[in-house]
There are 2 protein chains.
Amino acid sequence: MATLYDVCEKTGLSTATVSRVINGSGLVKEATRERVHQAMKELNYRPNQAARKLAGGKTDTIGIILPLLDNGYYVKVLRGIDNVSTKEKLKLLISFYHSETDLLDYLQSLCREGRTDAIILMNNTFFGPDKVRELAGDDIPIALIGQNGINEGMDSVLIDNFQGAYRAVTHLLENKPQSLLLLTGPKDNHDSNKRLEGAQQAIQDASLEIDVKIVTGDFYHEGGRKAFEEYVGRQNALPEAIFAFNDAMALGVLDVLAETEKRIPEDIQLIGFDNNEIGQYIGLSTVSFPMEQIGETATRLVAERIKNKDLKPSSISMETSLIPRKTTR
Amino acid sequence: MATLYDVCEKTGLSTATVSRVINGSGLVKEATRERVHQAMKELNYRPNQAARKLAGGKTDTIGIILPLLDNGYYVKVLRGIDNVSTKEKLKLLISFYHSETDLLDYLQSLCREGRTDAIILMNNTFFGPDKVRELAGDDIPIALIGQNGINEGMDSVLIDNFQGAYRAVTHLLENKPQSLLLLTGPKDNHDSNKRLEGAQQAIQDASLEIDVKIVTGDFYHEGGRKAFEEYVGRQNALPEAIFAFNDAMALGVLDVLAETEKRIPEDIQLIGFDNNEIGQYIGLSTVSFPMEQIGETATRLVAERIKNKDLKPSSISMETSLIPRKTTR
DNA sequence: TTATAAATTGTAAGCGCTTCCTTTATGATC
DNA sequence: GATCATAAAGGAAGCGCTTACAATTTATAA
């Protein structure tokens, strides 16, 4: 494969000059620049990335670490990341983590092996900010998406779970239902807990006489169905309004409701969270957050930081929006 | 950040020896190996990837080039790729292409910049095998998934569209409908054409008196709906059996059928192709191909090839399976 | 013991670039 | 036409590794 030297030979120039035109450094005569470009094209030459990096250059690559793509959610974020990385001519080195061990390994390997110029870490629930910094070393900027987003010294993009849940519940309470069920995610889940806070605040602010029950789910369809089924079995009554903390569980609730003679939304209102594809299809009311924008923002953040290491890290919170559809009034 | 020299200094060994233990070359005394490992751990040392590559090593990275993740299909393939790349300790450099220009650029950049040890190229409909080889150069193995899979000299994983369509139609014809509609993909689409061949073969083999119509769709929900709607308008009659060449279009057909008093599957049978998430949810009969396995297979292929450049390229065809659900009898 | 093979470690070149520091070419000024 | 600033190009070191090849140590056998 052609190297810089081949280009030098072909043009009779030195490596310094050729390198300058590759990097667009400007201190080259126009005619020379063209001569070099011509030679590069003829040789089908592309600069070797490893050599560039080693000689003190950049990798033009950002590392993305995210959980396994088990729902459309991450795909959308990825699309956002792709949108801006394409513009910025950045390559994507993507690692999907399945466990804490994986995450640790990926973080170290992306950060300390000189593979990337920056990292976007998504939904890390395993390590605190200090640990992340320690693992990553200090040479490489990191942007966080979601979860552990609250921390100094790192860029982060957060989802406003509180506000989203607040809106969902407020919407549900507009018709003054007598009873409300909150179907949460796992107990130690950060998103879930924030949503719970938002929901509770909305209930309080509505100052209604209402019977609120909380049932713990697991963010999965099946789990949501079971949790709701059991709840209904125990209570022997259906709530008039249900806020499932994500759409997957809302779908589970719907399964149970389908075996009932209750009408939706006339008798029972249901809202989810996530705006997933199936919910969209069947007309589930939900709360959506701008996944694609989140990816874009995070990528923009690191792209800026690569260009200017001294920039102050910033924390950006993304607003959610209510999407009322057929399962609420 | 710690370098090899730091490890040398700490252990009093030469770079050669330390490098040997890093690469597990075996010709090092056990005690020495441990000493080195210890030092590496203490220094939190990781070998610089660029330097390794430059010195003649591997990148431990494979490049993945695939269309924008606009459906669950690619995500599953990606999961398969992840499954085996994780095992093989390979990193993933992923590029999503939006156009022919993108694809060309990604191919060149992944292949000629020394960023990866191998490439997996998915659903390339733009370049023929020769062009791909030319763009990639000869130093790097490429595996193809789908579409242009038929070519010598490159590993490829193909989907047996013919057989899948054959099965779908055969299933549809079991109840001897009087009329059958084939809702195809775009006219120049390889997958679609193969499916059409399979469908036609199945019709022929069934040797029934049947009225077969072909309508061209675009593989999208909306497009499928429209194409079907127009067809129905023209014909002023509904076919008794419909094979939509993918699930998205089948969903579109379903939309139209919903405004009709016909019962499914009693009056009209419908089958799709893809086994997508929504179809799964609503009980659409379909043909599924093992996406995850396809990704795994392709990755295994390139992983083997990296280890042994002389292996003969192989072309593997993956079978589809019929998934009868509620929209067929 | 001593020669000889095998195991272990070291030396140094070089992978393909970038960049600092010089050198040389080109103009501008008086 | 000589002087000096500026633009353009070249020389060479060095980034952090791997790997021939060479040197040394250790084990084995006669």
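These figures come from a predicted structure and were not determined experimentally. Every chain is numbered from 1, with letters handed out A, B, ... down the list of sequences. The figures here come from the full heavy-atom set of this structure, side chains too, leaving out hydrogens, waters and symmetry mates.
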Between the protein and nucleotides 4-8 of chain D, which nitrogen or oxygen pairs are less than 3.5 angstrom apart?
none

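Between the side chain of Asp60(B) and the backbone N or O of Leu90(B), no donor-acceptor pair lies under 3.5 Å. Between the Arg79(B) side chain and the Leu68(A) main chain, no donor and acceptor come within less than 3.5 Å of each other. Although no hydrogens or angles enter the test, the distance criterion places no donor-acceptor pair under 3.5 Å between the side chain of Asn23(A) and the main chain of Ser25(A).
Closest approach of Asp117(A) and Lys58(A) over heavy atoms only: OD2-CB, 3.4 Å. Counting all heavy atoms, side chain and backbone alike, Arg112(A) lies closest to Ala136(A) at NH1-C, 3.8 Å.
Atoms CG (Asp60(B)) and C1' (dT18(D)) sit 14 Å apart, rounded to a whole Å. In this entry the distance linking CG of Leu4(B) with P of dT18(D) reads 7 Å, nearest Å. dG16(D) atom P lies 7 Å from atom CG of Leu54(A), rounded to whole Å. Rounded to an integer number of Å, the gap from Arg52(B) CZ to dT18(D) C1' is 9 Å. In this structure, NZ of Lys53(B) is placed 10 Å from C1' of dC15(C), rounded to the nearest angstrom.
For residues 10-46 of chain A, no pair satisfies ring-ring contact (aromatic ring centres under 6.0 Å, His included), with sequence neighbours left out. Judged as a ring-ring contact (aromatic ring centres under 6.0 Å, His included), not a single pair has a partner in residues 74-108 of chain A (not counting sequence neighbours). Among residues at least two apart or in separate chains, salt bridge (charged side-chain N to carboxylate O under 4.0 Å, His left out) pairs with a member in residues 27-38 of chain A are Glu30(A)-Arg33(A).
Contacts of residues 9-22 of chain B with DNA chain D (heavy atom under 4.0 Å): Thr15(B), Ala16(B), Ser19(B), Arg20(B). Of the residues in residues 33-49 of chain A, none has a non-hydrogen atom less than 4.0 angstrom from any atom of DNA chain D.
Relative to the axis of its first five pairs, the axis of the last five pairs of the helix from dT1(C)-dA30(D) to dC30(C)-dG1(D) sits at 40°, rounded to 10 degrees.
By the side chain to side chain donor-acceptor pair (under 3.5 Å) test, Lys10(B) pairs with Glu42(B), sequence neighbours left out. Remark: Ala55(A) engages no residue in a side chain to side chain contact (heavy atoms under 4.5 Å, CB included) (not counting sequence neighbours). The side chain to side chain donor-acceptor pair (under 3.5 Å) test applied to Thr86(B) returns Asp82(B), not counting sequence neighbours. Evaluation of the side chain to side chain contact (heavy atoms under 4.5 Å, CB included) rule for Thr61(A) yields Thr59(A), Lys91(A), Leu93(A), Thr116(A), Leu93(B), Arg115(B) as partners, not counting sequence neighbours.
A donor-acceptor contact under 3.5 angstrom links the side-chain atoms of Tyr5(B) to the base of dC17(D).
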Could you list the donor-acceptor pairs under 3.5 angstrom formed by side chains in residues 289-304 of chain B, with sequence neighbours left out?
unit_1, atom_1, unit_2, atom_2, d
Thr297(B), OG1, Gln293(B), O, 2.6
Thr299(B), OG1, Gly295(B), O, 2.6

